[in-house]
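Shown next, in C-alpha cells, is the structure this report addresses.
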Amino acid sequence: MRTRVLQGGGPPVQWAFWGSYRRLRLGALLAGALALPALGAAAEDDPFGPDWPEGPGREEAGYLCGACHSLRLVTQQGLSRSAWDETLDWMVEEQEMDEPEPEERELILSYLSEHFGIDHRPGHVGAFPNQPSRN
C-alpha cells in the first residue's frame, strides 16, 4: 500500500485510510452546507428571535420596540408593569415614538411585564447595592 505524508509533516497515512478520511470530511462538509438553508429559513421566519417568547402581544411588542432599538435591550430590563408603563410614556414624550392605541398598549404592557418583568430579571440587574430599585 502506498503512503502519503500530510502537509506539515507527521506520520505517513495509508492511501486506503486517506480516501476514507477525505470522503468523511466531504460528507461532513456537505451535511453542514445542506443544514444551513434550513437554519436560515427558521431565522427568517421569526423576525424576533428565540429570546422573544410566544404569547399574546408578541408581534405588537416586537414591532413597536424593534422599530427603534435591538430587542435584546428589552430582554435585559426586568421591569415591573408600572415601570414598563412609565418607559412607554417616556418613549412617546422624549423619543417621538408613536402612541399605541389603548387596547394595543395594554396588550404590549401585559406581554412585556409577563415575559420581561421582575421575575425574569437577568442576574446582573440589581446586583449593585447602590443601584436604585426600578419597581
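- For Glu86, the side-chain contact (heavy atoms from CB on, under 4.5 Å) criterion is met by no residue, not counting sequence neighbours.
- Atom-to-atom distance recorded for Leu109:CG and Thr87:OG1 is 9.5 Å, nearest 0.5 angstrom.
- Following chains of ILVMFWY side-chain contacts shorter than 4.5 Å, one cannot reach Leu73 starting from Tyr63, and the two form parts of different hydrophobic clusters.
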Worked verdict on Phe116 versus Gln76 for side chain to side chain contact (heavy atoms under 4.5 Å, CB included): CA-CA 8 Å; Phe116 308 114; Gln76 297 171 349; over 6 Å; no
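- Scanning for side-chain contact (heavy atoms from CB on, under 4.5 Å) contacts around Leu107 gives Pro56, Glu60, with sequence neighbours left out.
- Residues meeting the side-chain contact (heavy atoms from CB on, under 4.5 Å) test with Leu71, sequence neighbours left out: Phe48, Trp52, Cys65.
- Under the side chain to side chain donor-acceptor pair (under 3.5 Å) criterion, the residue pairs touching residues 100-111 are Arg81-Glu106, Arg81-Ser110, Asp85-Arg105, Asp89-Arg105, Glu99-Arg105, with sequence neighbours excluded.
- Listed by chain and number, the residues in a salt bridge (charged side-chain N to carboxylate O under 4.0 Å, His left out) with Glu54 are Arg58 (sequence neighbours excluded).
- Between atom CG of residue Leu64 and atom CE of residue Met91 there is a gap of 8.0 Å, rounded to the nearest 0.5 Å.
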Test side chain to side chain contact (heavy atoms under 4.5 Å, CB included) applied to Leu112 and Val74, step by step: CA-CA 8 Å; Leu112 293 174; Val74 178; 3.7 Å; yes
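- Not a single side-chain contact (heavy atoms from CB on, under 4.5 Å) links Glu114 to another residue, sequence neighbours left out.
- Atom CD of Glu96 is surrounded by 12 or fewer heavy atoms from other residues, nucleotides or ligands within 6.0 Å.
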